S.K.: 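Dumping the structure here so I can ask a few things about it.
Bear in mind the structure is a predicted one, so any value in this text is a computation, not a measurement.
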Amino acid sequence: MTTPSADKDAAKPSNFLRQIIERDLEQGTYAQRKWSGHPGDAATQHAGVPDPAKIRTRFPPEPNGYLHVGHAKSICLNFGLARDYGGVCHMRFDDTNPEKEEMEYVDGILDAVKWLGFSWDANGTSHLYQASDYFDFMYRAAEYLIEAGLAYVDEQTPEEMRANRGDFSRPGVDSPYRSRSIDDNLQRFREMRDGKLPDGAAVLRAKIDMASPNINLRDPALYRIKHAEHHNTGGKWCIYPMYTYAHPIEDALENITHSFCTLEFEDQRPFYDWLLDRLAEGGLVNAPHPRQYEFARLNLTYVITSKRKLKQLVDQKHVSGWDDPRMPTIVGLRRRGFTPESLQLFAERIGVTKSDSWIDYSSLEAALRDDLDPKAARAMAVLDPVKLVIENWGEVMGGDDVLDPCSAPVHPHDESRGRRTFNFGRELWIERTDYEETPPKGFFRLFPGNKVRMKYGHVIECVGADKDADGNVTQVRAKVVPDTKSGTPGADKVKVKGNITWVGVADGIAAEVRLYDRLFSVPQPDTGEKDFLEELNPESLKVVTAYLEPSLKSAKPDEKFQFERHGYFVADRVDHLKGGSGKSVFNRVTGLKDSWGR
Ligand code: ATP
Ligand code: MG
């Protein structure tokens, strides 16, 4: 695992979040704040030392699914900014909702963050937290708000509450419970906590302003009743904090300085500040308290980034699982052949902005190509094979069985990586599309009478082809032109226009190759009238039996290659050589250039 180094960061373009951080560092906004070594209330933190972390950010997923490429943006942003400014990024599970969370997802999320190259350990301290550990404090803060006359228990029905909230044109109407006494509120809230009321019978609300133009300030709910077990706290609680109440408190207890979230939370910011201002005034949380800043979420064409909908794809078996190589999940992208570096590069290139936009899927693939091109070993592969027979091979080479060793660089721009070897022989596999009986204009490959170079091998002249009763070509026939082998003196005296990739029948290895394509046929599958499931691309997976050059015999699961002419491929991390079977399985990661839809 490589943690991206900070050296090259000087060159990183600035953005509005970097400017905010730099301003805070310059003004020393958080310089005096103390840190006890772990999350805690104001008293705990005050007893600590000046916070050694210059800034604190956090990545706070809800463990209700696998992370996707949108989360990758958020991870790169939060961990990346902390790294670049001498800070720490906390890994925090936002597990305040008792019903939807599963351990499988917790493990999957931690794996994804680590795989992306980031760590929540800083100077020997693990900053891995879970919001449910703060339930006691959240409860205490709620009683504080009640005692300060800033919260009340509302027992209107949900319908009444909705109707009385008003809308953009109408102010809200005060609940009849709004004027309850502090003592009544406290007693009723404790009854909520003690399980005396059924689900939905009451909520604790902040008492702010029912006429506020910001509807989120019209007495937002802080706690609801939910008689449900929680994976961490078990049956201890039957009231659970609302996300909008819990999140600012989580940030404050952890001494977060900059709380970055996506734009849809912009309207929540006034409440975030209201709550933390009140709790800081009351001496409950450290001051100055964290600030929330919003950035545009990643919208990627041809991709869905909603955990709920991704789960639907899995549950309804439209894909083979969360790690199906067509999924935009981090496990899916990893299995498809994406590298951590390519996702980091992608996140860097798209940057952060304050307005929503769509990023074209091709920029994700471009980042991958830019990362893989200098790294991936080259290999020849034939994906749609037809046999080519060299009729005069025995005559020219001294026997039909003679194999002629050929070689090619492992990487064209790095001699030090050595050469790969493979054999030329009487029978070779070539791509079916490399032969045309009557060539269209500009076709330079195999057709009767034409000469081409078999890449890294000999020049051959096409003689013709055999066909079955239906007119399908069963094999192509050719003659080798003597003394034309690549790398031998005078080899290029015969000029040809075509250069063809091939694999020897004698030493090629058969492999299952999964030709993945985009999962959806339209750029914005989730925005139109149609259900997103109707926009699934029926051609998103084609499985072929291909032949690969023998150097690929040693390919390890997860190893990436450039198959010459075809693009980037990865040995499938799950199925390649599964159980010592020896069966090669490769996934197409992406083509050599962006040709989608052309
Ligand atoms: P989903 O709707 O897929 O469940 P979410 O926003 O509810 O996504 P969380 O687990 O709450 O998922 O997200 C964790 C963090 O990742 C949040 O800070 C959130 O803002 C961020 N995030 C989620 N989706 C995106 C996205 N598409 N682009 C950027 N950041 C995102
Ligand atoms: Mg969420």
Side-chain angles (χ1 to χ4, degrees), residues 337 339 369-383 385 388 390 393 396-399 401-431 434 445 451-460 478 480-496 498-511 513 546-571 576-577 582 584-593:
T339 56
R369 286 188 202 101
D370 290 347
D371 180 51
L372 287 186
D373 181 48
K375 293 179 183 169
R378 292 348 191 216
M380 287 201 291
V382 176
L383 302 183
L388 171 78
I390 315 283
W393 183 255
V396 174
M397 303 298 290
D401 297 338
V402 170
L403 294 176
D404 187 23
C406 301
S407 75
V410 171
H411 197 284
H413 308 304
D414 186 359
E415 295 256 331
S416 73
R417 294 177 65 175
R419 296 183 76 80
R420 38 190 244 262
T421 56
F422 35 82
N423 289 315
F424 206 101
R426 182 173 178 272
E427 294 188 332
L428 306 174
W429 297 111
I430 59 167
E431 294 293 341
D434 281 348
R445 288 166 279 160
K451 290 194 188 78
V452 299
R453 172 166 302 283
M454 303 304 280
K455 205 169 181 189
Y456 313 118
H458 302 260
V459 171
I460 61 166
V480 64
V481 181
D483 306 321
T484 57
K485 188 180 174 189
S486 288
T488 60
D492 45 11
K493 70 177 188 294
V494 181
K495 297 286 176 228
V496 294
N499 205 344
I500 284 182
T501 49
W502 53 276
V503 168
V505 169
D507 64 2
I509 51 176
V513 175
Y547 289 100
L548 314 178
E549 67 167 64
S551 71
L552 290 174
K553 208 169 250 163
S554 56
K556 302 199 179 44
D558 224 19
E559 201 176 347
K560 286 109 189 146
F561 299 89
Q562 187 193 102
F563 289 179
E564 300 187 31
R565 283 172 79 191
H566 291 299
Y568 293 96
F569 290 73
V570 62
H576 181 68
L577 308 180
S584 296
V585 181
F586 284 81
N587 302 330
R588 175 163 67 197
V589 193
T590 179
L592 284 180
K593 49 178 186 277

S.K.: Should Tyr456 and Glu564 be marked as a side chain to side chain contact (heavy atoms under 4.5 Å, CB included) after you check the CA-CA gap, both sets of side-chain angles, and the distance that decides it?
M.R.: CA-CA 12 Å; Tyr456 313 118; Glu564 300 187 31; 2.8 Å; yes
S.K.: Hey, which of His566, Arg565, Arg445 is the one that makes side chain to side chain donor-acceptor pair (under 3.5 Å) with Glu431?
M.R.: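 Single pass found, and it is His566.
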S.K.: Please tell me if the side chains of Ile430 and Met454 come closer than 4.5 Å, counting only heavy atoms from C-beta onward.
M.R.: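 Touching, per the 4.5 Å side-chain cut-off.
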S.K.: Does Asn587 use its side chain to pair, donor to acceptor, with the backbone of Val589 at less than 3.5 Å?
M.R.: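 Checking the backbone N and O of Val589 against the side chain of Asn587, no donor-acceptor pair under 3.5 Å is found.
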S.K.: Treating His411 as the side-chain partner and Asp373 as the backbone partner, does any N or O pair qualify as donor plus acceptor under 3.5 Å?
M.R.: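 At least one qualifying donor-acceptor pair exists.
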S.K.: Does the side chain of Arg369 reach to within under 4.5 Å of the side chain of Thr590, using non-hydrogen atoms?
M.R.: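 They are in side-chain contact.
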S.K.: What's the separation between atom CZ in Arg426 and atom CG in Leu403, rounded to the nearest 0.5 Å?
M.R.: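 The CZ atom of Arg426 sits 12.5 Å away from the CG atom of Leu403.
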S.K.: Please round to the nearest 0.5 Å and tell me the distance separating atom NZ of Lys560 and atom OG1 of Thr339.
M.R.: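 Rounded to the nearest 0.5 Å, the NZ-OG1 separation comes to 6.5 Å.
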S.K.: In terms of the angle between their ring planes, are Phe563 and Phe569 parallel, tilted or perpendicular, with boundaries placed at 30° and 60°?
M.R.: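 Parallel, since the angle between the ring planes stays under 30°.
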S.K.: To the nearest 0.5 Å, tell me how far His458 NE2 sits from Cys406 SG.
M.R.: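 Rounded to the nearest 0.5 Å, the NE2-SG separation comes to 5.5 Å.
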S.K.: Could you check whether any side-chain N or O of Arg378 sits under 3.5 Å from a backbone N or O of Arg420, counting only pairs where one atom can act as donor and the other as acceptor?
M.R.: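 Absent.
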S.K.: Can you tell me how the ring of Trp429 sits relative to the ring of Tyr547, calling it parallel under 30°, perpendicular over 60° and tilted otherwise?
M.R.: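 Because their plane-to-plane angle is under 30°, the rings of Trp429 and Tyr547 count as parallel.
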S.K.: Keeping Trp502 on the side-chain end and Met380 on the backbone end, is there a donor-acceptor pair under 3.5 Å?
M.R.: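 Answer holds: no.
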S.K.: Can you measure from CG (Leu388) to CD1 (Ile500) and round to the nearest 0.5 angstrom?
M.R.: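 Spacing of CG (Leu388) from CD1 (Ile500) equals 8.0 Å.
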